[in-house]
Amino acid sequence: MEWLNSLLTDESVAHIVLLYAFVISIGVMLGKIKIFGISLGVTFVLFAGLFVGHFGFSVNLEVLHFIREFGLILFVFTIGMQVGPGFFSSFKKGGMQQNMLAALIVFLGVGVAIILYYILAGRVPMAMMVGILSGAVTNTPGLGAAQEALRQLREAGEIVEIPQIALGYAVAYPLAVVGIITALILIRVIFKVSFDKETEKLNTNSETLSEKPEILTLRFQNKLVEGRKLRDIKHLIGRNFVVSRLKRVDEFLIPQGDTVLLKDDILLVVTTTRDVEAITAFIGEPTKLDWKESETQLVSRRIIITQSKINGKTIGSLGLRNTIGVNITRVNRSGIDLLGTSNLVLQVGDRVMVVGELAAIERVELILGNTLKRLNEPHLITIFVGIFLGILFGSIPFYFPGMPMPVKLGLAGGPLIVAILISRFGYKIKLITYTTQSANYMLREIGIALFLASVGIASGGKFIETVVSSNGLLWIACGFLITIIPLLIVGVIGRKFMNLNYFTLMGILAGSTTDPPALAYANAVSGNDEPSVAYSTVYPMTMFLRVILAQILILAFV
């Protein structure tokens with residue numbers, strides 16, 4: 001059995017891979033166990049690492065540091081690629097209000113941490129308080145950013161040793177998951193929320209409905225603009241809509257910009273819910289027509305954009321309507337239907353609804369791609385160019401008065417910001433930013449598993465004695481206060497003073513703590529996707545603030 005002993009104790013490549021494989025597999029399996037419907041998911045890898053580290057298993061510090069940081073980079077970069085397309089649009093309309101509330105939760109959490117630091121007169125060092133803060137809001141990238149800032153301080157000679165702040169994170173995390181859901185329940189009890197009433201309000205007042213594409217059949221009756229070209233009429237109306245098909249007497253047509261509209265033309269119009277009333281009033285009366293009759297001449301088909309040369313081009317610039325005689329009426333991107341206006345920028349992976357004659361649509365397929373195999377091919381150049389640029393950007397020093405050294409976004413903040421920018425604007429530099437959801441999720445989970453396993457193995461030696469000590473109990477209490485106080489304050493503000501729908505509020509609170517178990521609970525009790533919509537709206541800004549503020553706290557107080 002000497003070979004086994006050598007494998008378990010010698011710091012060989014086989015030993016390191018074996019240890020990580022064991023920690024991650026055990027952690028992921030145990031993370032699936034639900035207690036009162038709540039599971040810790042991949043975060044249990046951290047506790048598996050702590051367990052292994054407690055019994056003396058270790059990894060060379062330089063190797064462990066590399067694996068930890070590379071895992072963190074993969075994790076935050078794939079998060080940025082996922083949330084980037086919706087990051088900027090999340091500030092429009094109700095999204096701005098929701099992001100303001102989420103930002104308030106983030107800043108209140110930081111404020112509570114600072115107040116506790118002074119109340120306890122430094123009994124809990126600020127570095128450890130930041131670890132507790134990251135655990136209290138279940139935010140792993142914040143922990144990574146704080147560790148990166150501590151490393152910068154050590155390299156600059158400001159501190160001698162990097163404190164094990166992951167212990168504070170691990171101690172605070174389990175109760176944080178419970179605390180977030182407890183806050184959701186308390187708000188529901190305080191305001192005596194009725195799910196039936198909230199659902200009714202949601203169905204009548206939801207802003208998301210106003211952006212959904214709707215299909216209308218209208219008979220053209222406006223004598224004032226009769227005989228004018230379609231493009232001129234669209235300009236006069238000043239609303240976004242697409243005329244998919246036109247019936248004139250017994251003939252079906254694909255209308256173009258210079259098509260002249262005549263009285264009693266029947267139009268199949270695609271527009272957004274908010275513009276239905278205005279367009280109907282301008283064009284004419286709604287009518288009924290079975291458009292299946294048109295399928296003898298015209299067909300509609302979903303085509304997936306897989307040609308990289310289409311990436312970043314607008315629908316209008318392709319000239320498909322004038323040159324081939326087809327209309328793009330809708331574009332489905334990441335499960336959301338968008339109106340196919342001429343100025344809409346197309347991206348690889350978009351699914352476009354094309355209407356026209358069969359031969360014309362087959363020509364469009366050659367232009368747009370429609371080859372699923374191309375979507376399954378990984379675009380590694382985008383990932384590694386993004387990581388390269390992210391590390392460069394994260395290394396740029398930013399000087400703030402009163403801080404002992406410049407702030408750097410580091411290995412967490414730099415790749416996160418660059419990923420957000422690339423996913424939104426990468427087409428401008430000919431980068432294919434499309435990644436299948438499963439591929440993105442796989443990279444993200446591998447990254448976070450490597451990071452958590454490394455943190456657990458490095459901190460395991462002191463975990464048990466920390467938990468059973470008075471310091472451990474104090475850390476748990478601090479973490480719970482950091483969790484619950486901001487959520488209750490903002491919950492009351494959102495409900496009492498802003499009259500937010502409870503389902504939306506649950507999504508904001510879960511998203512502001514980047515907590516998937518809380519989102520799962522919110523989705524389960526609501527029975528609709530409104531919590532998920534709010535969660536995804538505030539998640540990008542929350543993640544960005546958590547990463548940046550964790551570093552600022554370290555550099556300002558340590």
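This chain uses plain numbering: 1 for the first residue, then up along the sequence. Excluded from the calculations below are hydrogen atoms, water molecules and symmetry mates; all remaining heavy atoms, backbone and side chain alike, are included.
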**Q.** For Ala145 against Val547, the heavy-atom pair lying closest together
**A.** CB-O, 3.4 Å

(Q) So which atom in Gln98 and which in Val538 form the shortest heavy-atom distance, rounded to 0.1 Å? (A) O-CG1, 3.5 Å

Q: Go through Val130 and Gln551 one step at a time and tell me if the side chain to side chain contact (heavy atoms under 4.5 Å, CB included) criterion holds.
A: CA-CA 9 Å; Val130 174; Gln551 295 181 81; over 6 Å; no

(Q) If we count only N and O atoms by modelled type, under 3.5 Å, do the side chains of Ser454 and Tyr20 hold a donor and an acceptor together? (A) yes

Q) Would a distance-only check, ignoring hydrogens and angles, find a side-chain to backbone donor-acceptor pair under 3.5 Å from Thr483 to Ile180? A) no

Q) More than 12 heavy atoms of other residues, nucleotides or ligands under 6.0 Å from CZ of Phe51: is that the case? A) no

Q. Looking only at heavy atoms, what is the nearest atom pair of Phe77 and Thr382, with distance?
A. CZ-O, 4.0 Å

Q: Kindly say whether Met353 contributes a backbone atom to a donor-acceptor pair with the side chain of Arg330 at under 3.5 angstrom?
A: no

Q.
Do Leu104 and Ile493 make a side-chain contact, defined as non-hydrogen atoms from C-beta onward lying under 4.5 Å apart?
A. yes

Q. What is the distance from atom CD1 of Ile457 to atom CD1 of Ile67, rounded to the nearest 0.5 Å?
A. 8.0 Å

Q: Under the side chain to side chain contact (heavy atoms under 4.5 Å, CB included) rule, what do Leu509 and Leu101 come out as? Steps first, then yes or no, please.
A: CA-CA 9 Å; Leu509 299 186; Leu101 288 175; over 6 Å; no

Q. Tyr118: what forms a ring pair (Phe, Tyr, Trp, His ring centres under 6.0 Å) with it, not counting sequence neighbours?
A. none

Q | Non-hydrogen side-chain atoms of Thr514 and Val137 separated by less than 4.5 Å | A | no

Q. What's the shortest heavy-atom distance between Ala518 and Ala510, and which atoms?
A. CB-CB, 3.8 Å

Q. Quick check: does any side chain N or O of Ser25 sit under 3.5 Å from a backbone N or O of Phe22, one acting as donor and the other as acceptor?
A. yes

Q. Is Asp350 reaching over with its side chain to a backbone N or O of Val352, donor-acceptor style, under 3.5 angstrom?
A. no

Q. Testing Ile24, Leu46, Leu143, Val23 for side-chain contact (heavy atoms from CB on, under 4.5 Å) with Leu452, which one passes?
A. Leu46

Q. In Å, rounded to the nearest 0.5 Å, how long is the span from CG of Leu175 to OG1 of Thr182?
A. 8.0 Å

Q: Mark yes when over 12 heavy atoms from residues, nucleotides or ligands other than Arg188 sit less than 6.0 Å from its CZ; otherwise mark no.
A: no

**Q.** Expected output: side-chain Thr78 to main-chain Phe75 donor-acceptor under 3.5 Å
**A.** yes

(Q) Surrounding CZ of Phe388 (heavy atoms of other residues, nucleotides or ligands, distance under 6.0 Å), is the total greater than 12? (A) no

Q) Step by step, would you call Thr138 with Tyr173 a side chain to side chain contact (heavy atoms under 4.5 Å, CB included)? A) CA-CA 6 Å; Thr138 67; Tyr173 192 100; 3.6 Å; yes

**Q.** Smallest separation among heavy atoms of Pro415 and Ile73, with atom names
**A.** CG-CG2, 4.3 Å

Q. Only one of Ile485, Leu487, Val492 forms a side-chain contact (heavy atoms from CB on, under 4.5 Å) with Ile489, so which one is it?
A. Ile485

**Q.** Non-hydrogen side-chain atoms of Leu74 and Phe451 separated by less than 4.5 Å
**A.** no

Q) Quick one: CE on Met506 to CD1 on Ile508, what's the gap to the nearest 0.5 Å? A) 11.0 Å

Q. Distance from Leu116 atom CG to Cys478 atom SG, nearest 0.5 Å?
A. 5.0 Å

Q. For the atom pair CD (Gln147) and CZ (Arg68), what is the distance rounded to the nearest 0.5 Å?
A. 4.5 Å

Q. Any chance CE of Met442 has more than 12 other-residue heavy atoms, nucleotides or ligands included, within less than 6.0 Å?
A. no

**Q.** Salt bridge present between Lys197 and Glu200 (N-O < 4.0 angstrom)
**A.** no

Q: Measure the shortest side-chain to side-chain distance between Ile33 and Leu30 over non-hydrogen atoms and say whether it is less than 4.5 angstrom.
A: yes

Q. Are the side chain of Tyr502 and the backbone N or O of Leu184 linked by a donor-acceptor pair below 3.5 Å?
A. yes

Q | Criterion side chain to side chain contact (heavy atoms under 4.5 Å, CB included) on Val106 and Thr542, from CA distance to verdict | A | CA-CA 7 Å; Val106 175; Thr542 298; 4.1 Å; yes

Q: Any chance you could measure Leu549, atom CG, to Phe544, atom CZ, to the nearest 0.5 Å?
A: 9.0 Å

Q. By ring pair (Phe, Tyr, Trp, His ring centres under 6.0 Å), which residues pair with Phe66, not counting sequence neighbours?
A. Phe70

(Q) Minimum heavy-atom separation for Ser134 and Gly142, please, with both atom names. (A) OG-C, 3.5 Å

(Q) Looking at Arg495 and Leu500, would you say the former's side chain and the latter's main chain have a donor-acceptor pair under 3.5 Å? (A) yes

Q) Is the closest side-chain heavy-atom distance between Gln97 and Met100 below 4.5 Å? A) no

Q. Heavy-atom distance under 4.5 Å between the side chains of Leu339 and Leu344, does that happen here?
A. no

Q. Do His65 and Arg151 touch side chain to side chain, with heavy atoms closer than 4.5 Å?
A. yes

Q.
With heavy-atom distances below 4.5 Å as the criterion, would you say the side chains of Leu150 and Ile159 are in contact?
A. yes

